[in-house]
Number of protein chains: 2
Amino acid sequence: MKKLHYESSGDNYKFKDPFKLIALNYSQKTKNNLKRFKRYGLEIVDVSQSRGESAYRIQIKSGKLSDFQLAHVEESIGTKNIIADELATIYGKSFYFNSAIDNAACIFNDLSTCGAFPLTFMLHVAAYPNEWYADLDRWKGLIEGTAAACDMAGASWGGGESATDRDIIIKGKSLLSGSATGIIFPSSKALSEENLRDGDRIILLKSSGVHANGITLLRRELLKRLPKGYKTKLSDGSTYGEALITQTVIYSKLVEEAILNCDVHYAVHITGHGWRKIMRAKKPFCYMIEGIPVPQPIYGLIKKYSDSSEKDMYDTYNMGAGFALFVPRESVQKIMQIAKKNKIQALDAGFVQKGPKQVVIKPLGLTFTTEDMSIR
Amino acid sequence: MKKLHYESSGDNYKFKDPFKLIALNYSQKTKNNLKRFKRYGLEIVDVSQSRGESAYRIQIKSGKLSDFQLAHVEESIGTKNIIADELATIYGKSFYFNSAIDNAACIFNDLSTCGAFPLTFMLHVAAYPNEWYADLDRWKGLIEGTAAACDMAGASWGGGESATDRDIIIKGKSLLSGSATGIIFPSSKALSEENLRDGDRIILLKSSGVHANGITLLRRELLKRLPKGYKTKLSDGSTYGEALITQTVIYSKLVEEAILNCDVHYAVHITGHGWRKIMRAKKPFCYMIEGIPVPQPIYGLIKKYSDSSEKDMYDTYNMGAGFALFVPRESVQKIMQIAKKNKIQALDAGFVQKGPKQVVIKPLGLTFTTEDMSIR
């Protein structure tokens, strides 16, 4: 059985890296456009290190408006809603309530990495043909799920775009994406790698499963290998399809309460590149993981049928940890309480220490170095 | 020759109207999520009438932060960049610099309808396959055009998403979209239909051609009827392809300067539904148009080959007017100066008066009533 790996079917960064790099160079210069506000009595500067990160930030200060930051995210669920489309044909009902939550979750969880409190949300649906919008069951799920996700995150849903994009979107398919804004006040409350310290504790927040990454492989190549496709049973009695369609966890309220109640230094949304994302910060720190959450049963199935090693699994999937908070030791107890209140399992999983940039997962004897992650 | 009309090939609102209506209902309730900020010492409320409009707005006021509004837009160029793809095969070079401007222009012009000064921009590229990102000429144009558009509008480009969406995007195609934020301060400077007054002058700002609406019809059905396709000559000697790929005008700087220097009441981005958009405001006003800009040569060609009436043309396309400002008479002269400085032709085209909701284009003997526009 040939090994299945993410890059073989889904994303692949060989072609995108130069694009992203040059885009970063060109976009960097546009920050000067904000200088004009000084003439209007407002001082607005961009937080340059946030450009190209999960959430982009600008800082607004002046005599009139005091010091705060605005965060802006544009993201997409990618192709995960195709699973909802396929399950609808099997189960005869729509799963777009969950797809809508998955989509908004990608956006809100990115927003929360900088500590922004969600303000506004806009939904973008690009479908084809116009009849896509005639499926009442589907679009009601999409609307109700989006509203529910905004309630979970604390954002006001302001509208968006519902387009028909002929000759771009494959017939019967739809691309879900959107954007969100958030506020950080005062600016000093922003989560940023500059705050990351030797000795910080790493709190891993439980995911609900694979969330939105590695999906192309899972719904294509892996699916073909499963004896009963989406109906293949997992060790807990549920099915592969049910596990894949489980709502993504939205961490925004937990992060907001943590910031309001204790000191938080930094955060990472564990998405593409799996646990390698833990070393997202540019600074050379070593991330010592001493305890790991129990991965959901779906990961056992994925590992088996993709012929993956433990390392392959942790370098691709969130393996039960969807978000990481980096906090001083004094904050740990409070964060555990807040997580419990928000019904999200949290694990005081390890610590940050000076040293070469790497993630060491002690219980598994795994180490990821910068050679395992050249891009972001 | 069968008449070609927009709804026959492109968008069609029969299926989307219920979706939009229910989405509006559900999203309306999420405004309550902003109430929590009061506990944090900030008063944030949404501007409910802006929900589902071109730009969604929230108002932020408190002891710490004084009174201002934040505007948020999510939009897409739709399928216009397909023309760039097709012209690339004819001319052997990429036109994505213009596509990038078209895409950002849709977003910034929507943002400017509420009077917001652009702050941040995020680009979303959804393509397939990964090799789409290997075309250096194309992606350099996309990056340079996006940066140029941000410079034109005054926004800082913060990043975005460059995705590969297998099984959603047709092979070789890409969907361009994005989002922007803007600031209005003080809140009283917001452009809103509440400010619209009997006697206000209607200033029409010149478009550069068809911008991004009605595109599906133009690049499919109409194209097939043209003797030489994209190379069909227009009355001014240019070609159909060249006319279609002309950069969309970005009105943001002009609108910003107008707001800073004189009284502006309301604005409309003339997109889908053509000149019917002039009566976008819910209030029952009559819009008397006494002068019209000369439509670009491409409109003559479209009219002829689509067998359209004058009314069909004005109910679908911008016909040379991409944006409308509604201002008190005292502001007209100043706005003309600002338009000239920004190298955008402006026409003091008519006035607003009390009466049944309609757009009367006197020079053409055309009238659009609410029966011509049940949706927004």
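Just so we're on the same page: letters track the sequence lines, and every chain starts at 1. FYI, side chains are in, hydrogens and waters are out, and symmetry mates aren't considered; it's all heavy atoms of this structure.
Between chain A and the residues B:Val125, B:Asn25, B:Asn32, B:Leu70, the largest count of heavy-atom pairs under 4.5 Å involves B:Leu70. By number of non-hydrogen pairs under 4.5 angstrom with chain A, the leading residue of B:Ile44, B:Leu260, B:Leu123, B:Asn81 is B:Leu260. In terms of heavy-atom pairs under 4.5 angstrom with chain A, the leader among B:Glu161, B:Lys29, B:Arg51, B:Lys35 is B:Arg51. Chosen from B:Gly159, B:Gly160, B:Gly158, the residue pairing most often with chain A at heavy-atom distances under 4.5 Å is B:Gly158. Between chain A and the residues B:Thr120, B:Asp167, B:Ile169, the largest count of heavy-atom pairs under 4.5 Å involves B:Asp167. For chain A, the option among B:Ala126, B:Ala147, B:Gly154 with the highest count of heavy-atom pairs below 4.5 Å is B:Gly154.
Interface remark: A:Ile168 contributes backbone and side-chain atoms alike to the contact with chain B (heavy atom separation under 4.5 Å). Both the backbone and the side chain of A:Asp151 come within contact range of chain B, each with at least one heavy atom under 4.5 Å from a heavy atom of that chain. Looking at A:Leu136, neither its backbone nor its side chain comes within 4.5 Å of chain B, counting heavy atoms on both sides. Both the backbone and the side chain of B:Asp165 have a heavy atom closer than 4.5 Å to some heavy atom of chain A. Within the 4.5 angstrom heavy-atom criterion, no atom of A:Asp135 approaches chain B. There is no contact between A:Thr146 and chain B, counting heavy-atom distances below 4.5 Å. If you measure heavy-atom distances from A:Pro118 to chain B, the contacts under 4.5 Å come from both the backbone and the side chain. Interface remark: B:Ser48 contributes no atoms to any contact with chain A (heavy atom separation under 4.5 Å). Residue contact with chain B, scored on non-hydrogen atoms closer than 4.5 Å, is absent for A:Val47. With a 4.5 angstrom heavy-atom cutoff, A:Leu24 does not touch chain B via any of its atoms. For A:Lys140, the part lying under 4.5 angstrom from a heavy atom of chain B is the side chain only. In this structure, no portion of B:Ala127 lies under 4.5 Å from any heavy atom of chain A. For chain A, no part of B:Pro186 is nearby; none of its heavy atoms comes within less than 4.5 Å. Looking at B:Glu131, the atoms closer than 4.5 Å to chain A (heavy atoms on both sides) sit in the backbone and in the side chain alike. Of the two parts of A:Ala180, only the backbone, made up of N, CA, C and O, holds a non-hydrogen atom closer than 4.5 Å to a non-hydrogen atom of chain B. With a 4.5 Å cut-off on non-hydrogen atoms, A:Phe117 touches chain B through its backbone and its side chain both. Contact annotation for A:Arg219: only side-chain heavy atoms (C-beta onward) come within less than 4.5 Å of a heavy atom of chain B. Using a 4.5 Å cut-off between heavy atoms, A:Ala134 touches chain B through backbone and side chain atoms alike. Contacts of A:Ile22 with chain B are made by both backbone and side-chain atoms, with heavy-atom separations under 4.5 Å.
Atom CG of B:Leu42 is separated from atom CD1 of A:Ile183 by 5.5 Å, given to the nearest 0.5 angstrom.
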Please lay out, stage by stage, how B:Glu74 and A:Ser179 fare under the test side-chain hydrogen bond (donor to acceptor under 3.5 Å, both in side chains). CA-CA 7 Å; B:Glu74 167 84 33; A:Ser179 49; 2.6 Å; yes
Could you go through the side-chain hydrogen bond (donor to acceptor under 3.5 Å, both in side chains) check for B:Gln59 and B:Asp46 one step at a time? CA-CA 6 Å; B:Gln59 187 164 348; B:Asp46 94 329; over 6 Å; no
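Across every non-hydrogen atom of A:Glu144 and B:Tyr26, the tightest pair is OE2-OH, 2.9 Å. Looking at every heavy atom in both residues, A:Gly172 comes nearest to A:Arg138 through O-NH1, 4.4 Å. Between A:His124 and B:Ser76 the shortest heavy-atom distance is CE1-CB, 3.5 Å. Nearest heavy atom pair, residue A:Tyr133 against residue A:Ser162, reads OH-C, 3.3 Å. Between A:Met122 and B:Val73, the closest heavy-atom pair is CE-CA, 4.2 Å.
A perpendicular orientation is assigned to the rings of B:Phe121 and B:Trp157, their planes being inclined by more than 60° (bins at 30° and 60°).
Although no hydrogens or angles enter the test, the distance criterion places no donor-acceptor pair under 3.5 Å between the side chain of B:Asn103 and the main chain of B:Ser99.
Residues passing the ring-ring contact (aromatic ring centres under 6.0 Å, His included) test with B:Tyr56: none are found, sequence neighbours excluded.
Aromatic rings of A:Phe19 and B:Tyr96 (six-membered ring for Trp) have centroids beyond the 6.0 Å cut-off, not under it.
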